[in-house]
Amino acid sequence: MKGQTEKEINQQVQFWTSVNSTWRLSDHWGAMGDFHVRRNDFLKDPNFYFLRLGGVYWFNDKISLAGGGARLWLAQPDLNDGWNYAIENRIYQQLLWRSVNGRAKFLQRIRNEQRWHEVLNPDGSVNRIRFSNRVRFLFSAAIRVFEDEKKPRLVLSDEILFHFGKEIVYNTFDQNRLFVGINHKMGKGWSFDAGYMMVFQQKYSGYQYDMNHTIRLFFYFSPDLRKKKDEQLPHYPVGDIE
């Protein structure tokens with residue numbers, strides 16, 4: 001880039017928690033929703049709040065299709081040492097494929113997002129609305145380490161994100177999210193995963209990056225409301241990381 005070519009990396013520590021839910025209403029139809037909170041400097045400062053809702057269609061036990069809408073509130077410092085929130089509205093579509101091979105459960109997901117996000121002035125007023133289209137590729141594996149099914153599983157996942165738009169000139173690569181942790185069932189449709197996520201994100205300038213060392217704690221609630229459960233089409237959650 002003209003006048004600036006040296007890479008700048010901003011190191012941050014974050015905490016990210018969420019509740020993710022998938023409701024099975026029939027053999028093929030259901031609903032999903034999740035709410036996320038992410039904070040900077042571990043718990044000290046806000047980073048974002050995020051709400052997503054949608055519908056799900058299961059083709060079979062391995063493949064599902066989902067879509068819906070979402071809103072994000074992104075915190076930005078104001079002139080009085082407080083916080084303004086830039087709103088981002090989204091429409092999303094996703095295709096998810098899952099499989100089981102021995103002790104490992106694999107999940108692959110492609111998600112496409114249309115995003116309208118506010119660009120704020122220093123005083124918090126809206127300067128303009130920036131549109132982008134983002135494509136996300138996720139691969140995740142949950143591995144049974146212990147013989148006892150009730151004990152935690154090891155979870156490894158990686159997601160890479162690219163986005164496109166008129167104002168996206170220097171950073172078609174958006175970010176990469178690498179996670180290692182555990183997943184544990186709590187009973188009655190509840191489970192959680194906890195661990196470390198490294199989020200490496202490129203800024204719009206092209207030469208500036210955030211390296212976010214993130215402690216992640218996600219909860220999952222996946223009720224099956226079918227009167228007659230289908231053993232050939234068991235219920236499984238389709239939500240995952242934001």
Side-chain angles (χ1 to χ4, degrees), residues 1-18 36-50 70 72-79 81-88 90 92 108-124 126-141 155-181 194-218 240-242:
M1 290 181 57
K2 185 176 179 180
Q4 176 66 56
T5 57
E6 186 176 350
K7 181 187 293 186
E8 297 179 5
I9 299 179
N10 177 38
Q11 303 281 343
Q12 300 184 119
V13 177
Q14 296 182 326
F15 176 75
W16 190 347
T17 188
S18 72
H36 298 250
V37 176
R38 194 169 80 179
R39 299 189 68 84
N40 285 332
D41 199 5
F42 191 52
L43 292 171
K44 182 181 177 182
D45 298 324
N47 181 251
F48 70 60
Y49 302 94
F50 182 77
L72 180 142
W73 293 261
L74 179 64
Q76 299 182 12
D78 68 12
L79 299 176
D81 297 325
W83 300 94
N84 295 314
Y85 289 87
I87 293 176
E88 177 185 314
R90 299 181 189 176
Y92 71 94
Q108 297 180 64
R109 186 190 69 201
I110 300 175
R111 178 180 288 166
N112 188 47
E113 299 169 327
Q114 296 78 48
R115 308 159 69 211
W116 293 264
H117 30 119
E118 295 177 345
V119 178
L120 300 185
N121 295 312
D123 64 358
V126 178
N127 179 281
R128 65 189 186 279
I129 303 296
R130 176 193 289 138
F131 174 78
S132 65
N133 190 85
R134 187 164 70 178
V135 183
R136 306 167 52 161
F137 303 92
L138 170 72
F139 177 81
S140 177
V155 176
L156 303 170
S157 72
D158 189 66
E159 184 176 28
I160 188 167
L161 299 83
F162 299 94
H163 59 173
F164 311 89
K166 183 178 179 180
E167 295 188 40
I168 300 171
V169 179
Y170 303 108
N171 66 323
T172 298
F173 165 77
D174 177 32
Q175 57 186 283
N176 191 80
R177 299 171 176 177
L178 178 66
F179 175 76
V180 57
Y196 167 77
M197 174 181 282
M198 183 180 70
V199 181
F200 185 64
Q201 183 169 14
Q202 188 176 20
K203 312 297 278 186
Y204 282 89
S205 62
Y207 65 90
Q208 296 169 310
Y209 297 81
D210 284 338
M211 177 68 80
N212 300 327
H213 304 282
T214 306
I215 304 301
R216 194 184 101 178
L217 176 61
F218 281 13
D240 207 273
I241 63 175
E242 161 39 31

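Computed from a predicted model, the values in this text were never measured in an experiment. Computed over heavy atoms, backbone and side chain alike; hydrogens, waters and symmetry mates excluded.
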Peer 1: Do Tyr207 and Glu6 come close enough that some side-chain heavy atom pair is under 4.5 Å?
Peer 2: no
Peer 1: Please name the pair of heavy atoms, one in Trp83 and one in Ala75, separated by the smallest distance, quoted to 0.1 Å.
Peer 2: CE3-CB, 3.9 Å
Peer 1: Let me confirm one number: the CD1-CZ distance from Ile168 to Phe173, rounded to the nearest 0.5 Å.
Peer 2: 13.0 Å
Peer 1: Only counting residues at least two apart or in another chain, list the ones meeting ring-ring contact (aromatic ring centres under 6.0 Å, His included) with Phe162.
Peer 2: none
Peer 1: What heavy-atom pair brings Asn84 and Gly124 nearest, and what distance separates the two atoms?
Peer 2: ND2-CA, 3.3 Å
Peer 1: Apply salt bridge (charged side-chain N to carboxylate O under 4.0 Å, His left out) to Glu88 and list each qualifying residue two or more places apart in sequence or on a separate chain.
Peer 2: Arg90, Arg115
Peer 1: Check whether any side-chain heavy atom of Arg130 sits under 4.5 Å from a side-chain heavy atom of Tyr204, and report yes or no.
Peer 2: yes
Peer 1: For Glu118 and Ile87, indicate whether the former's side chain and the latter's backbone hold a donor-acceptor pair under 3.5 Å.
Peer 2: yes
Peer 1: Determine the minimum heavy-atom distance between Ala194 and Leu217, stating which atoms define it.
Peer 2: CB-CD1, 4.0 Å
Peer 1: What's the separation between atom CZ in Arg111 and atom CZ in Arg134, rounded to the nearest 0.5 Å?
Peer 2: 9.0 Å
Peer 1: Distance from Phe50 atom CZ to Leu74 atom CG, nearest 0.5 Å?
Peer 2: 12.0 Å
Peer 1: Would Arg136 pass as a cation-pi partner of Tyr92, given that its NZ or CZ must be under 6.0 Å from the six-membered ring centre and within 45 degrees of the axis?
Peer 2: no
Peer 1: Can you find a heavy atom in the side chain of Asn133 that is under 4.5 Å from one in the side chain of Val135?
Peer 2: yes
Peer 1: Which residue pairs pass the salt bridge (Lys or Arg N to Asp or Glu O under 4.0 Å) test with at least one member in residues 195-215, sequence neighbours excluded?
Peer 2: Lys203-Asp210
Peer 1: Working to the nearest 0.5 angstrom, can you tell me the gap between Gln202 CD and Ile9 CD1?
Peer 2: 10.5 Å
Peer 1: Looking at CZ of Arg216 and OG of Ser18, how far apart are the two atoms once the value is rounded to the nearest 0.5 Å?
Peer 2: 7.5 Å
Peer 1: Got a sec, which residues hit salt bridge (charged side-chain N to carboxylate O under 4.0 Å, His left out) with Arg39, two or more places apart in sequence or on another chain?
Peer 2: none
Peer 1: Evaluate side chain to side chain contact (heavy atoms under 4.5 Å, CB included) for Ile215 paired with Phe15, printing each intermediate quantity in order.
Peer 2: CA-CA 5 Å; Ile215 304 301; Phe15 176 75; 4.2 Å; yes
Peer 1: Show which side-chain atoms of residues 40-48 pair as donor or acceptor with protein atoms under 3.5 Å away, not counting sequence neighbours.
Peer 2:
from: Asn40; atom 1: OD1; to: Gln14; atom 2: NE2; distance (Å): 2.7
from: Asn47; atom 1: OD1; to: Arg38; atom 2: NE; distance (Å): 2.8
from: Asn47; atom 1: OD1; to: Arg38; atom 2: NH2; distance (Å): 3.0

Peer 1: Passes side chain to side chain contact (heavy atoms under 4.5 Å, CB included), Asp123 versus Asp78? Steps please.
Peer 2: CA-CA 6 Å; Asp123 64 358; Asp78 68 12; over 6 Å; no
Peer 1: Of all residues at least two apart in sequence or in a different chain, which pass the side chain to side chain donor-acceptor pair (under 3.5 Å) check with Asn171?
Peer 2: His163
Peer 1: Mind checking whether Phe131 and Trp116 have parallel, tilted or perpendicular rings, split at 30° and 60°?
Peer 2: tilted
Peer 1: Report yes if the side chains of Gln114 and Asn112 come closer than 4.5 Å at any heavy-atom pair, otherwise no.
Peer 2: yes
Peer 1: If I take atom NE2 from residue His36 and atom OH from residue Tyr49, how far apart are they, to the nearest 0.5 angstrom?
Peer 2: 14.5 Å
Peer 1: What is the minimum heavy-atom distance between Ser140 and Val155, and which atoms define it?
Peer 2: OG-CG1, 4.2 Å
